[in-house]
Amino acid sequence: MNIIKQIENSIKQVMTNSLKSCIKKQLLPDIKVTEISIEKPREKEHGTFSCNLAMIIVKQARMSPKKISELLIEQMDFNGTYIEKAVSAGPGFINFFLKSDWLYDNTRYILDNKGTYGQSDYGKMQKVNVEYVSANPTGPLHMGNARGGALGDLIANVLDKAGYDVHKEFYINDAGNQIDKFGKSLEARYLQEKLGEKQVAFPEDGYQGIDIINHVKEYIKSETTDLQTVDEKLRQKTLVKYALPKNITAIKNGLARYGITYDLWFTEQSLYDSGSVDKMITYLIDKGHTVEYDDALWLKGSVMNSEKDEVLKRSNGYPTYFAADLAYHYNKFYERKFDRAINLLGADHHGHAIRMEGAMEAIGIKKEKLDIVIFQLVRLLRDGEVAKMSKRTGKAISLDDLLDEVGVDAARFFFNMKQSGSHLDFDLDLAKKQTNENPVFYVQYAHARICSMLRILEEDGVKINNEEKLDFSLLIEKEEILLMEKLAEYPNEIVISANTLEPSRMTRYVHDVAALFHSFYNACRVRGIENKLQQQRINLVKATKVVLQNSLELLSITAPLKM
RNA sequence: GCGCCCAUGGCUCAAUUGGAUAGAGCGCUUGAUUACGGAUCAAGAGGCUUCGGGUUCGAUUCCUGAUGGGCGUGCCA
């Protein structure tokens, strides 16, 4: 149940009926309305919900919005709703004030449902494929992957709770050019180990990372056959076959530590093995979407709204990453029948994203079915300065380094504090601080405080499991009402996040819940008060705990019992 | 050059996707505990939403121009 949506619908119904009645009584001309929108006003004095219908139909009604709103209100019938009154305000808004029952009912609902509170059927079990991180397996995970991971995982979680059938996927780029490069880099390091560093040139565009050298050293320790004498191709292939699975395992372990697991690790190579890439290319040729020049096969720019053509098959006969990615998307939509696909990409890939979106129609997929979420790049800050290198390893800071330094909870929270479109400065010092400056601790403290409160009450001999007939009618303090209102917003926050694919609002939401709880805590005592009120407050505290737990779980952040 | 993204108090970000008096956190100032965890709370100061022009009942939001920044513009992925 999503009580906000439910009430919005009931208000829409009231508005529609009232409009009909106005027209019937010829108070208003026959007005056509396509969509009535209900909003949540910023100001408390403007009610719990408001509607701007009167202002929208000004032209059709040929009347002042103020007058229209008054007519509409006169014809309203609130029977069977939570509405207490409707008031015309400002330029012509109609503000709705609700009876407190809606909050009491919802709080009861939270305790009846606990872990499933927040779940809705908004998505109607549409099959959605969410692909994120998909890091190059030629090296360790970097900060872009870390942000994409936290964001993608939260998007997947939010869609799941909003009632979509979500599949989480990692696309392993284990074919093509960069694997060649990986092999050549390994080979060069191998020969350098064997013959001396100066004797063998390292490829100009090779992978410089120390992890390549480590792979080779380990390989030499365990090697049975000396690769110096074998054929170049076989040597590279052998080294790749040794090192690539190790890298993939490291990525899997790193992400698992980060709290991310996938339904499927899809390999690019499988698209070649099954002939899907060739089929894709043939299909595009048949459709007349391609053109040949400079010994290469190109996808026409015109079919993807681009000025430039895009290479599908290189002059050396190898298909490009772009061709494989088209085959991959064909696979998602046609072979696995997803209704929707969501890809997360760093801003450094937005060129690819635009071309992919453009090319969807060319392979027979409606472009609305593919959502590419571009997130801006990350800067790490330490002592107010940009931090590029890890202090410990001297290399670029990897996900593992970050988790060692600030922990999973802080990383997950910080990467989701900002909208994907904005650049993100990750303050390492702040993430480590165990003070009120750090929002993660603020939120977790609220949860720990609730736990310790309930523990103490129990030690006092107070019954804290009194959920048979839940009554909240004594909760009338401002702090109690505000807290209950915030708890009621939870399911809708999830729906909005799923809808916009912008779930950073969830970190703000959980922070708000914590803040309102702390206010409540300071204003309303629970311990040592009259029994009836005490029971109601205990149950409010427990409902708060449920919402904190659920939203922290959504973010993959722990909800500590004490700190 | 062209394309995409961004610009909001000192700092980091919001603004229900076009709504009412632009909100939070940090920092700053003042105050609160013989009581459930002071890792908390209450209050205050701080804004020409980068700058022009346009669209309309109404613009931080949409269009357009300028300025400043990030990224892209490969037979890389």
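So that the names make sense, note that chain A is the first sequence line, chain B the second, and so on, each numbered from 1.
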Look at [X] and [N] and indicate whether a side-chain polar atom (N or O) is within less than 4.0 Å of OP1 or OP2.
X	N	value
A/Ser519	B/rA42	yes
A/Arg449	B/rG38	yes
A/Gln419	B/rC6	no
A/Arg505	B/rC13	no
A/Tyr442	B/rC41	yes
A/Arg355	B/rC76	no
A/Lys308	B/rG74	yes

Considering only atom [atom1], compute the distance from [N] to [M] and round it to an integer number of Å.
N	M	atom1	value
B/rC28	B/rC71	C1'	36 Å
B/rU16	B/rA22	C1'	14 Å
B/rU17	B/rG37	C1'	41 Å
B/rA45	B/rG10	C1'	13 Å
B/rG23	B/rA66	P	33 Å
B/rU21	B/rG58	C1'	15 Å
B/rG38	B/rG72	P	49 Å
B/rG69	B/rG74	C1'	25 Å

Checklist entry - Are A/Phe426 and A/Phe414 close enough that their ring centers fall under 6.0 Å? => result yes
For [X], report the nucleic acid contact type (base, sugar-phosphate, nothing); a contact means any heavy atom under 4.0 Å.
X	value
A/Asp180	nothing
A/Ala448	base
A/Asp294	base
A/Ser306	nothing
A/Val58	nothing
A/Lys418	sugar-phosphate
A/Lys562	base
A/Ala347	sugar-phosphate
A/Cys51	nothing
A/Thr138	nothing
A/Gln178	sugar-phosphate
A/Tyr521	base
A/Gly421	sugar-phosphate

Does [X] contact [N] through a side-chain donor or acceptor facing the base, at a distance under 3.5 Å?
X	N	result
A/Asn52	B/rA20	no
A/Arg525	B/rA35	yes
A/Ser315	B/rC75	yes
A/His511	B/rA24	no

Send over the distance from [X] [atom1] to [N] [atom2], rounded to a whole Å.
X	N	atom1	atom2	result
A/Met356	B/rC76	CE	P	18 Å
A/Ile496	B/rA14	CD1	C1'	13 Å
A/Phe93	B/rC57	CZ	P	14 Å
A/Leu424	B/rA14	CG	P	10 Å
A/Gln444	B/rU40	CD	P	13 Å
A/Ile456	B/rA35	CD1	C1'	11 Å
A/Lys486	B/rU16	NZ	P	14 Å
A/His518	B/rG25	NE2	C1'	13 Å

Could you tell me the Watson-Crick or G-U partner of [N], where both distances fall under 3.5 Å? Say none if there is no partner.
N	value
B/rG52	B/rU64
B/rU34	none
B/rC57	B/rG19

Check whether the side chains of [X] and [Y] place a donor and an acceptor atom closer than 3.5 Å, and report yes or no.
X	Y	answer
A/Asp409	A/Thr558	yes
A/Gln178	A/Asn173	no
A/Tyr293	A/Asp309	yes
A/Asn499	A/Tyr122	yes
A/Ser420	A/Glu502	yes
A/Asn492	A/Lys40	no

Checklist entry - With a centroid cutoff of 5.5 Å and a plane-angle limit of 30°, would you call A/His46 stacked on B/rA20? => result yes
Picking from [options], which would you name as closest to the side chain of [X]?
X	options	result
A/His350	B/rC71, B/rU73, B/rG38	B/rC71
A/Glu437	B/rG37, B/rG19, B/rC26	B/rC26
A/Met55	B/rC41, B/rG19, B/rG3	B/rG19
A/Asp348	B/rA77, B/rC75, B/rC71	B/rC71
A/Trp298	B/rA77, B/rC36, B/rC75	B/rC75

Item to check | Matching residue for A/Glu310 among A/Lys300, A/Arg355, A/His352 - test: side-chain hydrogen bond (donor to acceptor under 3.5 Å, both in side chains) | outcome: A/Arg355
Checklist outcome for this item: With A/Asn343 as partner, the option from A/Glu169, A/Glu357, A/His349, A/Lys332 fulfilling side-chain hydrogen bond (donor to acceptor under 3.5 Å, both in side chains) is A/Lys332
Next on the checklist: Assuming nearest nucleotide by heavy-atom distance, tell me which of A/Glu45 and A/Asn522 is located more 5' along RNA chain B.
Outcome noted: A/Glu45
Checklist outcome for this item: Result for 5'-nearest mapping on RNA chain B, choosing between A/Ile56 and A/Tyr445, is A/Ile56
Next on the checklist: Using modelled atom types and a 3.5 Å cut-off, is there a donor and acceptor pairing between side-chain atoms of A/Gln269 and backbone atoms of A/Ile172?
Outcome noted: no
